There are 2 protein chains.
Amino acid sequence: MKALSIKDIALKAKVSITTVSFIINGKAKEKSISDAVIKKVQKIIAESGYKPNQIARSLRTGNSNIIGLIVEDISNSFFSRIARLIEDKAYKKGYKIIYSSTENSVEKAQELITMFKSRKVDAYIISPIKGIEEDIQILLNENKPVILFDRNLPELNTNYVGANHFVASHQAIESFIKQGKKNIALVTTDINVQQIIERAEGYKKALADHAIPFDEELLLKIPFNQAEADTIKQIKQLFKNKKVDAVLFATNYLAISGLKVLKELHQTIDENFAVIGYDDHEAFELHTPSISTIQQPLEEIAETIIKLILNQLASKNKLPDQQIIIPAKLILRK
Amino acid sequence: MKALSIKDIALKAKVSITTVSFIINGKAKEKSISDAVIKKVQKIIAESGYKPNQIARSLRTGNSNIIGLIVEDISNSFFSRIARLIEDKAYKKGYKIIYSSTENSVEKAQELITMFKSRKVDAYIISPIKGIEEDIQILLNENKPVILFDRNLPELNTNYVGANHFVASHQAIESFIKQGKKNIALVTTDINVQQIIERAEGYKKALADHAIPFDEELLLKIPFNQAEADTIKQIKQLFKNKKVDAVLFATNYLAISGLKVLKELHQTIDENFAVIGYDDHEAFELHTPSISTIQQPLEEIAETIIKLILNQLASKNKLPDQQIIIPAKLILRK
DNA sequence: CTGAAAGCGCTTACAG
DNA sequence: CTGAAAGCGCTTACAG
């Protein structure tokens, strides 16, 4: 059973495919097609269930009404929630989103960009990774709208939407210090991206501001992409070897692993031992006691990204790049 | 800056586009192109960074090497984890996945199918919803491989991969009964899909098997898509109005809401009050005490789905439909 | 061993 | 008010 084409509709309606095309694309009035013809063709389209072949349309027009979204890992709730919000908002504006995960592999990220490019997506939303600057630059040279989010690549001139991680992390550490904590650990990842580096810098600056010496052993960098069992082992080592009275986890999944360790060690979280997570997670609020966290305003981030994209797509000229920093919020719970 | 086309490569190499096409598609040997020409063309392709336009290729060949994945809600960790696993496995076989959420809307599901169809995806993986039987039947008529998962639509003849929810739910309730529980509640959703209905039937059957009268007020059906605050209110009502000593939550997000209620009510989970969740969630293990749950083997489900799809795609003839039921496991924690 | 040409299903500048 | 025709970038049956 072959799908109908515009030719079939034209034949049935006894008009040219040009006329059918104009009607499908809402240009009937503009091209002064008679009302009678419009009615007739529309009826035939409705009855036959004809849907234009978007592939052919894309080949001809060079665009697709599809926005490509590249995230680090769709199974991380930060990304899956953002993806869902972006999808919702784009959908309402007539755009579809296709997404895929890089899993922090430069190679996979490059392949995804190639795939999206060869599929003629109209715009790109990317949580980037170091090493794909050139690939993104090529997109920019081709005048494709690109919005980076979550992480920035400062050497590129393009749009970026992200949270202020330096400030957020600084604030979290200060809240520990105000509680009188002295042995404050940071558990973070070893990936070398700005938004992760900022969290470490906020940590160090807050310590310095309050004349607390920085102890390298309290800053634990967990290799990305390793099995959780190894992560748990490393965090356990930290808590066993060092006297720690407060810990900031730089990502939600590290916090989850860390909480498992604390549970295993029977280390309760109380006035003698404080924990702050990152990016929130359903488990944080539910935990006994509830876990404080640094929350990125997902709704606002998604909204800002979509607004930037739509503006770019609507405008013929390249708009000035925007770097939008949205404050992250420290949510204190107990 | 315009992208290169096969024509540009042919010009540079001083051969026909036919020859270039054969080389790109690995048919050079078969078409007995001379080694010298192959080398020359490959060199030019590599140097120029030429990538074939997949849109044009799809238009010509009618396929795309893309598999469409339609889930209920990508921000639900059950779906985002499955999506990630499927993406991984498909990627290794040279297929890309594009996904989108239906949000349980028949209309959106239909639009997504239309979109995927007009993009010529090669196969469909769908967690379906009642009301789209006809749309899926059309895909089947067009000989497109379709794998349903999570939920089945029994009136359709196609492939299905899912867990045995009746057995799992029955087993969960029996474990309550063995602990001496008498007032066992089920908190489920009102969506009318088989895999949810099965969970209620397993519940009822287990009660009947042990001569425990079924009390309608202990079976709470929460409207889908309502705000979480309302869900929390309804669950709170249940626990306040009825004497409950055990509760099975039929989905992970209902369990999360339920656990929030219990926390608010200061109802601890112990030998006098038992809880089992569904589909697991990072919060379950971390909870104090850890929450038992019915776990669907995600890895196995994803693996089975991909295997079915690849078999279908590899075979010219339609393969017999398979209904694969994978046992869900009751994970008892404390 | 290689190429000219048709055709996939659209859109749109041009002509009448 | 409407249509014939070119062209988007490929693949492939056919010819030599």
Side-chain angles (χ1 to χ4, degrees), chain A residues 1-42 45 48-66 114-115 117-120 122 142, chain B residues 2-42 44-45 48-66 114-115 117-120 122 142:
Chain A
M1 212 173 84
K2 201 124 165 24
L4 291 169
S5 80
I6 194 169
K7 211 163 142 190
D8 300 314
I9 304 298
L11 270 171
K12 279 192 204 181
K14 298 194 206 308
V15 296
S16 74
I17 60 171
T18 307
T19 304
V20 177
S21 175
F22 286 154
I23 293 171
I24 291 169
N25 292 298
K27 295 191 180 169
K29 289 286 170 208
E30 175 187 331
K31 300 288 179 180
S32 40
I33 311 278
S34 67
D35 279 351
V37 171
I38 298 179
K39 282 257 157 55
K40 180 173 64 176
V41 172
Q42 279 174 338
I45 290 176
S48 63
Y50 165 71
K51 298 282 177 205
N53 180 326
Q54 297 298 333
I55 297 274
R57 183 178 271 177
S58 287
L59 178 61
R60 183 53 226 248
T61 63
N63 53 41
S64 59
N65 280 315
I66 293 184
T114 303
M115 158 175 128
K117 198 153 82 177
S118 68
R119 304 283 163 199
K120 304 296 171 196
D122 293 348
E142 289 170 356
Chain B
K2 201 122 163 25
L4 292 170
S5 79
I6 194 169
K7 210 163 141 190
D8 300 315
I9 304 298
L11 270 172
K12 277 192 205 180
K14 297 197 206 315
V15 297
S16 74
I17 60 171
T18 307
T19 303
V20 178
S21 174
F22 286 153
I23 294 172
I24 291 169
N25 293 298
K27 296 191 180 170
K29 289 286 170 210
E30 174 189 333
K31 300 289 178 180
S32 40
I33 311 276
S34 67
D35 278 353
V37 171
I38 297 179
K39 282 258 157 54
K40 179 173 65 175
V41 172
Q42 279 173 340
I44 292 175
I45 290 176
S48 63
Y50 164 70
K51 299 282 177 206
N53 180 326
Q54 298 298 334
I55 296 276
R57 183 177 270 178
S58 287
L59 179 60
R60 184 52 227 248
T61 63
N63 52 41
S64 59
N65 281 315
I66 292 183
T114 302
M115 158 175 129
K117 197 153 84 179
S118 68
R119 303 284 162 198
K120 305 294 173 200
D122 293 348
E142 290 169 358

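Numbers restart at 1 for each chain; the letters A, B, ... are given by sequence-line order, proteins then strands. All figures in this text were calculated on a predicted structure; none of them were measured in a lab. Side chains included, hydrogens not; waters and symmetry mates left out as well; all remaining heavy atoms used.
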Whole-Å distance, B:Asn65 CG to D:dT11 P, equals 12 Å
Worksheet item: OP1 or OP2 of D:dG3 less than 4.0 angstrom from a side-chain nitrogen or oxygen of A:Thr19, does that happen here?
Response: yes
A:Ser5 near the nucleic acid: base, sugar-phosphate alone, or nothing, with a heavy-atom cut-off under 4.0 Å?
sugar-phosphate
Donor-acceptor side-chain pairing of B:Thr19 and B:Ser16 below 3.5 angstrom: yes
### Message
So B:Lys7, base contact, sugar-phosphate only, or nothing? Heavy-atom distance under 4.0 Å.
### Response
nothing
Between the NZ atom in A:Lys40 and the OG atom in A:Ser34, the distance rounded to the nearest 0.5 Å is 8.0 Å
Enumerate all atom pairs, one protein N or O and one N or O from nucleotides 14-16 of chain C, separated by less than 3.5 Å.
none

request  = Would you indicate what B:Thr61 reaches in the nucleic acid, counting non-hydrogen atoms under 4.0 angstrom: base, sugar-phosphate, or nothing?
outcome  = sugar-phosphate
Scan the side chains in residues 3-10 of chain A for donor-acceptor partners under 3.5 Å anywhere in the protein, sequence neighbours excluded, and list what turns up.
from, atom 1, to, atom 2, distance (Å)
A:Ser5, OG, A:Lys7, N, 3.1
A:Asp8, OD2, A:Ser5, N, 2.7

From CD1 of A:Ile33 across to P of C:dT12 the rounded distance in Å is 14 Å
- Closer than 4.0 Å, any side-chain N/O of A:Thr18 to the OP1 or OP2 of D:dG3? no
Taking Watson-Crick and G-U wobble contacts under 3.5 angstrom, with | marking pairs to another strand and [ ] crossing pairs, the secondary structure of DNA chain C is written |||.||||||||.|||
Worksheet item: At under 4.0 Å, does any side-chain N or O of A:Asn53 touch on OP1 or OP2 of C:dC8?
Response: no
(Q) Does A:Ile17 reach a base, just sugar-phosphate, or nothing at all? Heavy atoms under 4.0 Å. (A) base
Q: May I ask you to verify if any side-chain N or O of B:Tyr50 is less than 4.0 angstrom from the OP1 or OP2 atom of D:dG9?
A: no
Atom CD1 of B:Ile55 and atom C1' of C:dC8 are separated, to the nearest Å, by 13 Å
Within the structure, does a side-chain N or O atom of B:Ser34 lie under 4.0 Å from either OP1 or OP2 of C:dT2? yes
Base, sugar-phosphate alone, or nothing: which one does B:Arg60 contact when heavy atoms must sit under 4.0 Å apart? base
